[in-house]
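Notes follow once the structure below has been shown.
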Amino acid sequence: MSASDDDIPARLLAWYDRHARTLPWRSPPGAAAPEPYRVWLSEVMLQQTTTAAVAPYYAKFLARWPTVEALAAADDGDVMAAWAGLGYYSRARNLLAAARMVVERGGFPDTEEGLRQLPGVGAYIAAAVAAIAFGRRAVVVDANVERVVSRLFAIAEPLPASRKAIYERTGAITPASRAGDFAQAMMDLGATVCTPREPRCLLCPLSADCAARAEGEPGRYPVKAAKRAKPTRRGAALWIERERAVWLVRREGTGMLGGMRALPDDGWSARSDGSGVPDGEWEDAGVVRHGFTHFDLELAVHVSRTATPVGDGEWWPLDKLEEAGLPTLFAKAAARAGAR
DNA sequence: AAGGCGTGGGC
DNA sequence: TGCCCAAGCCT
């Protein structure tokens with residue numbers, strides 16, 4: 001490094017004062033912090049999800065449930081349906097459970113340790129909310145920070161083994177004041193300058209400090225462990241129609257798409273072979289392909305107007321299908337069934 | 001502690 | 001097209 005670590009937060013915050021992104025859940029640099037509810041809601045939505053994808057959902061949730069009290073009083077099915085399409089549905093289940101805990105205890109915890117007790121709040125979100133909403137010094141490490149810090153210090157150890165070292169290095173450059181702005185500055189830097197491919201080092205306020213840049217190939221970091229191949233599973237979904245209505249069920253439990261409204265299926269999510277359509281006269285409506293995090297799915301869509309409804313469900317009017325809150329997989333299957 | 005857990009966009 | 005990636009958490 002050409003300068004001491006002490007200068008890093010100062011340079012980064014000066015950069016942030018001029019280049020902070022404007023985002024719906026964020027206050028401008030130096031302004032009063034947003035309400036904890038808004039920070040928490042945005043952080044939950046932003047897990048593994050782009051800001052562009054989150055923005056409309058954040059607006060919708062805030063308009064419909066403006067406070068944590070309103071959210072705590074919401075109907076479970078309404079919240080799940082409002083989350084439909086955003087993915088990682090355990091987030092919605094935990095969101096509601098956490099809102100009810102917060103109301104029960106009379107407000108948000110204002111420490112990392114307290115926040116960690118809420119379901120769906122892990123190390124990252126607890127630190128982010130403590131820093132951004134409550135102004136506490138907290139070491140905030142997300143994937144952006146992992147990338148920036150890996151490059152800044154040329155950490156050669158691959159992720160995820162390097163997480164501990166990254167946390168310590170991040171802690172060493174996190175300032176006592178403006179920790180929330182510092183965290184958001186690191187994330188903005190990672191999102192707009194220190195990008196995964198072809199980082200724009202000429203625009204970076206930390207380029208003089210960056211060991212990876214000094215080495216000449218900053219895009220080499222962070223080093224990542226090899227990932228495993230994604231298998232393909234096959235399954236079937238059932239479109240059972242009567243009088244302009246379709247039979248929808250609610251998926252149980254906390255597994256794949258748990259808690260979400262869905263088409264009946266053959267159990268593909270619990271098995272890898274996919275087999276078996278119940279007796280009856282089924283028309284083949286084709287196959288929907290959908291990629292999940294750890295496997296690809298080829299879902300055959302079977303259509304019947306005479307088959308007996310499967311399981312515990314309800315007849316849903318076709319002209320209101322958009323309001324059913326189907327996850328994207330089943331929205332695709334519905335489109336396939338309708339297009340036959 | 002490594003794998004389950006969604007989806008859409010960029011290249 | 002196929003792969004990588006995006007403000008991770010839970011078990």
Side-chain angles (χ1 to χ4, degrees), chain A residues 21 23-26 34 38-58 80 83-95 97-98 115-133 138 140-148 159-161 163-164 167 170 180 182-192 194-198 219 222 224-233 251 253-260 262 269-270 272 288-297 299 325-332:
Chain A
R21 287 180 293 174
L23 296 167
W25 43 85
R26 175 185 280 185
R38 298 182 180 218
V39 177
W40 165 71
L41 177 62
S42 69
E43 294 299 348
V44 172
M45 289 184 165
L46 285 161
Q47 290 173 63
Q48 307 287 285
T49 309
T50 58
T51 56
V54 165
Y57 284 85
Y58 178 79
M80 299 311 289
W83 199 276
L86 197 55
Y88 285 138
Y89 298 100
S90 66
R91 296 185 295 175
R93 300 191 301 267
N94 286 332
L95 186 82
L115 288 159
R116 277 299 308 256
Q117 306 309 310
L118 300 175
V121 174
Y124 163 75
I125 292 182
V129 174
I132 297 169
V140 180
V141 181
D142 76 322
N144 286 299
V145 176
E146 286 178 351
R147 185 170 58 255
V148 171
L159 282 168
R163 292 232 161 93
K164 181 177 180 125
Y167 185 89
T170 306
F182 178 80
Q184 294 177 95
M186 289 285 276
M187 293 189 275
D188 279 18
L189 190 71
T192 65
C194 195
T195 48
R197 283 170 296 201
E198 301 185 28
K224 296 193 176 184
K227 55 194 57 172
R228 311 171 7 153
K230 252 204 305 197
T232 296
R233 295 191 193 178
R251 296 176 67 85
T254 58
M256 283 291 299
L257 310 176
M260 299 301 289
S269 61
S272 58
V288 167
R289 289 181 171 73
H290 192 74
F292 292 106
T293 307
H294 54 297
F295 63 91
D296 292 316
L297 178 65
L299 188 69
L326 292 177
T328 300
L329 168 66
F330 292 113
K332 284 185 188 175

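Note that the coordinates shown come from a computational prediction; the quantities given were computed from them, not determined experimentally. Quick note: numbers below take in every heavy atom, side chains included, and nothing from hydrogens, waters or symmetry partners. Convention: sequence-line order gives letters A, B, ...; per-chain numbering from 1.
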Item to check | Under 4.0 Å protein heavy-atom contact, by nucleotide of nucleotides 6-11 of chain B - B base, S sugar-phosphate only | outcome: BBS---
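- Across all strands shown, A:Ala123 has heavy atoms under 4.0 Å from sugar-phosphate atoms exclusively, and none from any base.
- Residue A:Pro160 is classed as having no contact, given no heavy-atom separation below 4.0 Å to the nucleic acid.
- Checking side-chain atoms of A:Arg147 against main-chain N and O of A:Cys194 turns up a donor-acceptor pair under 3.5 Å.
- Aromatic ring orientation, A:Phe295 versus A:Phe292: tilted (interplanar angle from 30° to 60°).
- Counting heavy atoms from C-beta outward, A:Glu146 and A:Leu159 have side chains that approach closer than 4.5 Å.
- Between A:Tyr57 and A:Trp83, the distance from one ring center to the other does not fall under 6.0 angstrom.
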Which donor-acceptor pairs under 3.5 Å do side chains of residues 45-56 of chain A form with protein atoms, sequence neighbours excluded?
unit_1, atom_1, unit_2, atom_2, d
A:Gln47, NE2, A:Val44, O, 3.3
A:Thr49, OG1, A:Met45, O, 3.4
A:Thr49, OG1, A:Gln47, O, 2.6
A:Thr49, OG1, A:Arg91, NH1, 3.2
A:Thr50, OG1, A:Ala53, N, 3.3

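- With a 4.5 Å cut-off on side-chain heavy atoms, A:Val121 and A:Val129 do not count as touching.
- Nucleic acid contact class of A:Ile132 (heavy atoms, under 4.0 Å, all strands): none.
- The backbone N or O of A:Thr192 lies less than 3.5 Å from no partner atom in the side chain of A:Thr195, so there is not a single donor-acceptor pair.
- Among the protein residues, A:Ala143 comes within range of the sugar-phosphate backbone only, with heavy atoms under 4.0 Å from sugar or phosphate atoms but none that close to a base.
- Taking CD from A:Glu43 and CD1 from A:Ile125, the interatomic distance works out to 6.0 Å, rounded to the nearest 0.5 Å.
- Residue A:His294 places at least one side-chain N or O under 4.0 Å from the OP1 or OP2 atom of B:dC5.
- Spacing between C:dA7 and B:dC5 at atom P, rounded to whole Å, works out to 23 Å.
- The 12-atom threshold is not exceeded at CZ of A:Arg289, counting heavy atoms of other residues, nucleotides or ligands nearer than 6.0 Å.
- Along DNA chain C, read 5' to 3', the first and last nucleotides having any atom under 4.0 Å from a heavy atom of chain A are C:dC4 to C:dC10.
- Comparing A:Val121 and A:Arg147, the nucleotide of DNA chain C nearest to each residue sits closer to the 5' end for A:Arg147.
- Comparing A:Pro119 and A:Glu43 by the nucleotide of DNA chain C that holds the closest heavy atom to each, the one mapping nearer the 5' end is A:Glu43.
- Here A:Trp83 lies out of heavy-atom contact (under 4.0 Å) with every strand.
- Rounded to a whole angstrom, the distance from the P atom of B:dG6 to that of C:dT11 is 14 Å.
- In this structure, CG of A:Asp296 is placed 14 Å from C1' of B:dC5, rounded to the nearest angstrom.
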